Structures are given as C-alpha cells and as structure tokens.
Amino acid sequence: MALIVYNSLTRKMEPFVPLVEGQVHMYVCGPTVQDYAHIGHAKTYISFDTMVRYFRHLGLQVRYVQNITDVGHLLDSGEDRILRGAARAKLEPMELVERYMRSYFEDMDALGVGRPDISPRASGHIPEQIELTKRLLAAGHAYEVNGSVYFDVRSWPQYGKLSGRRIEEQEEGTRVAVREEKHYPEDFALWKKAEPDHILRWPSPWGWGYPGWHVECSAMAAKYLGETFDIHGGGIENIFPHNECEIAQAEAAFGATFARYWLLTGSLTLDGVKMSKSLGNFVTIKDVLKQHRPQAVRFFTFSSHYRSPVDYSEEALVAAQRGWERLVGPYLTVRERLIQAGLPAERSRTIEGFVDETRGNFRTAMDDDFNAPAALAVLFDFAKEVNTLLSREAPVGRPDLESIESFYQELVGDVLGLLPHAAAGSADREAGLIRLLIELRAEARQRKDWALSDSIRDRLAAQGVSLEDGKDGTIWKTA
RNA sequence: GGCGACGUCGCCAAGUGGCAAGGCAAGGGUCUGCAAAACCCUCACCGUGGGUUCAAUUCCCACCGUCGCCUCCA
C-alpha cells in the first residue's frame, strides 16, 4: 500500500496502514437533518465518497459509517434545532427529521455519492449513548448536576490534542457564557435534562432527558467500527469542539485510541464567506442541480484538493461543466465508435502501454493524499491522446477502443463517478430514435440538402441533443 | 485576543531546493457545406522584505493580505 494521507491528529503525512489488513473502517460526521443539504455538504460528502471508491478500487474492503443527527443539536440559545424547526413547520419532530433525511439521501443519490454502509441515527442509539455516559461517570470523567451530565474536561489532560487548543487559552475568550451548573466553562454536556416543553426526551438513570450532540458519534462509531478504527472524517470546521469532544469521550470511556487517522475537508465558501446556517447564505444542492449536471458538481469538487478551502460561484461551476465535457468527450466518441461494424481487430501495443501508464500515473496522484486535481491532470493528458488518436486517418481497432472504454469506466466512472449514467430501458429507445434521425440527416447531407440537415440538427439541439460531425460519422451528446 | 490554514498566469488549480502540471477564458492556425468538437501554436518567474544555500516559488524570519475555528454548521 503506497497510499499516503495527511493525518490531522499528527499534522503529518503518513502512510495509510489499516488496523486490519485489507479492511478500512471509516466514520464520517453526517448532517443534522434540519434543513435542505447545501453545496458545502456536497463538497464534503463527494470527497469522502471518492475516498471510499478509491479504497475499493485498490481492492480494500470498506465499512463506511455516517451518522444522521436527528436529536440533541442545540442552538446557543439552548433551543434544540430539530424542535425549533418542527415547531415552525407545525410538524412532529420526527416528521421533520424524516423529511430532511429523505431529501439528503435524494441529493446524495443524485450526486452519485454512494450510500454509507450504515447510516445510524442518533435517536436510534439512545441506550448506547447512555451507556457511554455511565462509563464516563464511573471512570470519574463526568459529573451529574440536576439531571444533566457533563464531561469533566479538566479530568482529561489530552483534551485539545486534535485541535491544538489548550483549555487555559480559552479562558480569556470573551464569549464563553458560563452555564451555571457546569464546573468549568469548557465542560460539555453528555446528557441534558429535558425541560417540560422539550418533547424529544428519553428516560435515563438521571431522569428524562436527551443526549448531547457529541456523544452520538463516539457511541455509534464504537458500536459499528470498534473502539479503535481507521479513519474519522468530517469538515474542518467541526474540529473544535465537536471532534475534540468525540475523542475525549471515547478515549476516556474505552481507554483505547479512537480514530487512528483524522481526515478533514476544507470548508466551502460562497463569495468568500463560509456558507452556514447562522448566516443564512447557503445554496442548496437541489438549486444547483436545477442548473448543472451532477457530474459538474463532482468535477468542481475535484478541481481542488479536499483539504483546501474552496469558493463556490456560478462561474466556477460553468468552468467545471466545460472541463467535464472535455474530459468525457473521448469516452462518448469511443462508445459511439464501438457500435459501428467492421472495425479493425488488431490491437496496438502503444495504446495498451499508454493505458497502463496512465493508470499508474492516476494512482500515483490519488495515492498522494487523494490528490484529485493532479489525477484530473493525468486524465486530461490521456483524453488529449485519445482525441488525437481518434482524429487520425487510420481507424482505431476494436480491442483498443474497448480498452479505452474500460479505462474510462474504471477510473473516471468507478473511482471519480464522472461518467454519465448508463443508458437503460427507455433511454435505449431514445438513443435508437436519435440514431435514426442522424441517419436520415446523413442522407440529406449526401444530397447536399443543407436546409433539412441543419433543421434536424437545430431541432435536436432544441431538445438538448447536440450533434457533432466527424470523420467517421456523427456523435450525439445530451445537454 | 488565541489556535490553524493559505497567498502560484485574467479565473480555478497541482507542484518541486536546480530553469513552474492541468482546466476555464483569450488570441492565431488546421479541419468542416456551415456549425460544433478535435488538433497545432501563443499566454506566469510563484504576496512583500530579509536570511540560509553553489542554487529558493519550494527551507527560516518578519511584514502585508485572505480564510476557517474559538458559538450552531460538512
């Protein structure tokens, strides 16, 4: 395994060596399902999806767990985000959660983000969270006050090891509003007592209440991946306090290393400012997909490294769309060529060699902390070579076309998820009809009936199908 | 105020101690009935000032600027 990753825990590039050879256990912080997912979520989850795809490409077995936060996420006012949303929409809290969770999966499906192997919900793991809290109490790392339980940060000297913060430094901070019942400002809630109007509540050894936000990740990761597992992912903005608290809880409770590698993605900004709930400046995935194809969003994500901050703009997405078209162009052409009969049957040594070389370069790029932009550059070089090859006089043989096609399917398709979805069912019929029109147009062109041939092309264009005439016939593409 | 990241062509962006990938845009050309696509050519000395070195965009220091976190957020 030549894969190197940047581990935020050690702040170094490190060879990635799974705990169990051949297996990757990976946990990524999922969304709080209280609103529609935005383009920042898209960046994060496309990035991790691509890591999973790449691991599988390398032949590793992956268990990918991503939680759904549907309880416990409080506003600074002390209000529960889910409850507030539900009250506003006049819905049951779980009705609200269900709505946005479905919407989230819809969006991810549309973006070609593979479903996690397990999508545990916080509300479905209350006993596990209570159990973890009990352990921490027993170990002396937590205390109970008035039916709430807090983690005792001062009992855990390693608190701050991920984010590089020393708790003493925070004391000068202007804003930490000391909650009366906490022993220390940095202590955080493991379990909160439910006030009378708080209807999301469960019974516990400390009375009716609900779990704090951070516990769910520690409890669920441990349950499905073990007390020690390989990768913990998430957005960099959650490094403190969320990720820091996760580590503290889990390691204090289990006495074992929590995640071994921390891979955190850079934030996405909109016009230079981070998109966030509180600022209300967010663009939803659904809105973006009304204007752009999902592959353009993925391409946009890959155009910078996953750890870099990225600024989103309409122009950037248009550029991504163009780039994507260029990248995928040769594949579409090759696919059309393969339909034709009478292709030469010879195999060319040089093409085989070039395909293998490119695959190697692609892996070198991805092995370097999933350097997708560098991987794209490799693929662009390949695309250019293929284009040159296809525009030569001598027709390319079937075996060569097939190896180009499968190269694309393997890397551009399976790993990066950038190929158009395969035609199936009624799409086959549509393709047949378009080819029929192309044939009729070819006959018109033979007769130099430019009026008819241009009319066919224009009217297809109006339907979102563009035609490109080449040496060996006409290629069609959909918008 | 504290912690962290970053500043590379008009825009996006990779990268290395030894003369800087790729994409978008732009200009010129080839091909084409036209168009589109494709192909060829052109297009940067890497924020500023010091230092280390035979040699720095790449290492160190300072400064300027941008962004993230420290409060909910992927």
Side-chain angles (χ1 to χ4, degrees), chain A residues 8 11 28-32 34-35 37-48 66 69 73-77 79 81 160 163-166 168-177 186 213 233-242 244 264-269 272-279 282 299-300 302-305 307-311 313 315-316 318-327 329-330 332-333 365 368 371-381 383-384 386-388 390-392 445 448-450 453-454 457-458 461 466-471 474-475 477:
Chain A
S8 291
R11 281 164 221 167
V28 172
C29 287
T32 301
Q34 44 149 357
D35 207 334
H38 55 63
I39 186 74
H41 294 109
K43 174 195 187 309
T44 300
Y45 297 126
I46 287 170
S47 297
F48 288 114
Q66 185 191 107
T69 299
H73 212 152
L74 300 184
L75 293 164
D76 46 4
S77 60
E79 244 183 318
R81 307 178 74 83
S163 60
R165 275 166 228 268
R166 302 299 320 144
E168 305 84 60
E169 287 166 355
Q170 308 297 316
E171 287 190 82
E172 293 298 319
T174 47
R175 85 301 132 185
V176 178
E186 295 296 311
W213 174 37
I236 186 75
E237 68 281 346
N238 276 335
I239 191 170
F240 189 91
H242 182 62
E244 196 65 66
L264 305 176
T265 57
S267 296
L268 181 141
T269 56
V273 182
K274 201 190 75 168
M275 238 189 275
S276 66
K277 305 274 157 69
S278 56
L279 294 172
F282 64 93
F299 187 100
F300 170 73
F302 301 145
S303 68
S304 63
H305 188 91
R307 280 189 281 117
S308 302
V310 174
D311 194 48
S313 67
E315 300 74 54
V318 169
Q321 165 91 26
R322 296 263 166 75
W324 175 78
E325 284 168 7
R326 180 174 167 73
L327 179 67
L332 299 176
T333 307
D368 183 16
N371 192 334
L376 281 185
V378 169
L379 295 176
F380 273 111
D381 289 342
K384 176 173 279 191
V386 173
N387 277 330
T388 301
L390 292 172
S391 57
R392 276 196 201 138
R445 292 180 72 211
K448 298 200 193 298
D449 184 350
W450 309 129
S453 83
D454 288 353
R457 186 171 62 194
D458 293 346
S466 57
L467 302 186
E468 295 169 9
D469 300 324
K471 276 193 174 55
T474 299
I475 300 295
K477 295 174 179 169

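Throughout, a chain's letter reflects where its sequence line sits, starting with A, and its residues are numbered from 1. What you see is a predicted model, and the numbers here were worked out from it, not measured in a lab.
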Output the rounded distance in Å from CG (A:Leu268) to P (B:U66).
20 Å
Between B:A44 and B:A37, how far apart are the two P atoms, rounded to whole Å?
25 Å
In whole angstrom, what separates A:Phe300's CZ from B:A13's C1'?
12 Å
Considering every strand and a 4.0 Å limit on heavy-atom distances, what is the contact class for A:Ser313: base, sugar-phosphate, or nothing?
nothing
Look through every strand shown and name the nucleotide pairing with B:G65 as Watson-Crick or G-U wobble, where both distances are under 3.5 Å.
B:C6
Can you tell me the distance, in whole Å, between the CD atom of A:Glu315 and the P atom of B:C11?
13 Å
Each nucleotide of nucleotides 34-44 of chain B classed B (base within 4.0 Å of a protein heavy atom), S (only sugar-phosphate) or -, in 5' to 3' order, makes BBBSSSS----
C1' gap between B:C46 and B:A56, integer Å:
11 Å
For the backbone of A:Gly40 and the side chain of A:Thr44, can you confirm whether one donor and one acceptor N or O come within less than 3.5 Å of each other?
yes
Considering only the C1' atoms, how many Å lie between B:U53 and B:G47, rounded to the nearest integer?
23 Å
Separation of B:A5 atom P from A:Phe240 atom CZ, nearest Å, is 17 Å
Pick the closest RNA chain B nucleotide for A:Arg307 and for A:Val378 by heavy atoms, then say which residue is nearer the 5' end.
A:Arg307
Would you say B:A14 has OP1 or OP2 under 4.0 Å from some side-chain N or O of A:Ser303?
no
Centroid distance under 5.5 Å and plane angle under 30°, A:Tyr45 vs B:A74:
no
Is there a Watson-Crick or G-U wobble partner for B:G1 with both distances under 3.5 Å, and if so, which one is it?
B:C70
May I ask you to decide whether A:Glu468 forms a salt bridge with A:Lys477, counting only side-chain N to carboxylate O separations under 4.0 Å?
yes
Pairwise P distance for B:C43 and B:G1, with rounding to whole Å
45 Å
Run the side chain to side chain contact (heavy atoms under 4.5 Å, CB included) check on A:Val378 and A:Asp381 step by step: do they pass?
CA-CA 5 Å; A:Val378 169; A:Asp381 289 342; 5.6 Å; no
What's the gap between B:U32 and B:A20 when it is taken at their C1' atoms, as a whole Å value?
37 Å
By the 4.0 Å heavy-atom rule, please label A:Gly234 as base, sugar-phosphate, or nothing.
sugar-phosphate
Opposite nucleotide pairing with B:C39, Watson-Crick or G-U, both atom distances under 3.5 Å
B:G29
Could you tell me whether the phosphate oxygens of B:C69, OP1 or OP2, come under 4.0 Å of any side-chain nitrogen or oxygen in A:Arg165?
no
Report the nucleotide, chosen from B:G22, B:A14, B:A74, that has the shortest atom-to-atom distance to any side-chain atom of A:Glu237.
B:A74
State whether A:Arg457 and A:Asp454 are salt-bridged, where the test is any N-O pair (Lys NZ or Arg NE/NH1/NH2 against Asp/Glu carboxylate O) under 4.0 Å.
yes
Which part of the nucleic acid does A:Leu390 contact within heavy-atom distance under 4.0 Å: base, sugar-phosphate only, or nothing?
nothing
Show the nearest heavy-atom pair for residues A:Ala365 and A:Ala375, with the distance to one decimal.
CB-N, 3.5 Å
Taking atom P of B:G23 as reference, at what distance in whole Å does atom CZ of A:Phe380 sit?
6 Å
When rounded to the nearest Å, what value does the distance between P atoms of B:U48 and B:C40 take?
34 Å
Quote, to the nearest angstrom, the C1' distance that separates B:A62 from B:C69.
25 Å
A:Asn371 and A:Pro373: which non-hydrogen atoms are nearest, and at how many Å?
OD1-CD, 3.2 Å
For B:U53, give the paired nucleotide (Watson-Crick: N1-N3 plus N6-O4 or O6-N4; G-U: N1-O2 and O6-N3; both under 3.5 Å), or none.
none
Distance between C1' atoms of B:G10 and B:G27 (Å, rounded):
13 Å
Using the side-chain heavy atoms of A:Ala319, tell me which of these nucleotides is nearest: B:C24, B:C70, B:A14.
B:C24
Assign A:Gly160 to base, sugar-phosphate, or nothing according to its heavy-atom contacts below 4.0 angstrom with the strands shown.
nothing
Smallest separation among heavy atoms of A:Phe48 and A:Gly233, with atom names:
CZ-CA, 3.5 Å
Look at the rings of A:Phe282 and A:His38 and say which category their plane angle falls in: under 30° parallel, 30 to 60° tilted, over 60° perpendicular.
tilted
Taking the nucleotide of RNA chain B with the nearest heavy atom to each, does A:Asn238 or A:Thr269 sit closer to the 5' end?
A:Thr269
Would you check if A:Leu467 and A:Ile475 make a side-chain contact, meaning some heavy-atom pair closer than 4.5 Å?
no
Residue matched to B:C19 through Watson-Crick or wobble contacts both under 3.5 angstrom:
none
Give A:His242 one of three labels, base, sugar-phosphate or nothing, depending on what nucleic acid heavy atoms sit under 4.0 Å from its own.
nothing
Out of A:Lys43, A:Arg307, A:His305, which one pairs with A:Thr265 under the side-chain contact (heavy atoms from CB on, under 4.5 Å) rule?
A:Lys43
In whole Å, I'd like the distance from the CD1 atom of A:Ile239 to the P atom of B:C72.
16 Å
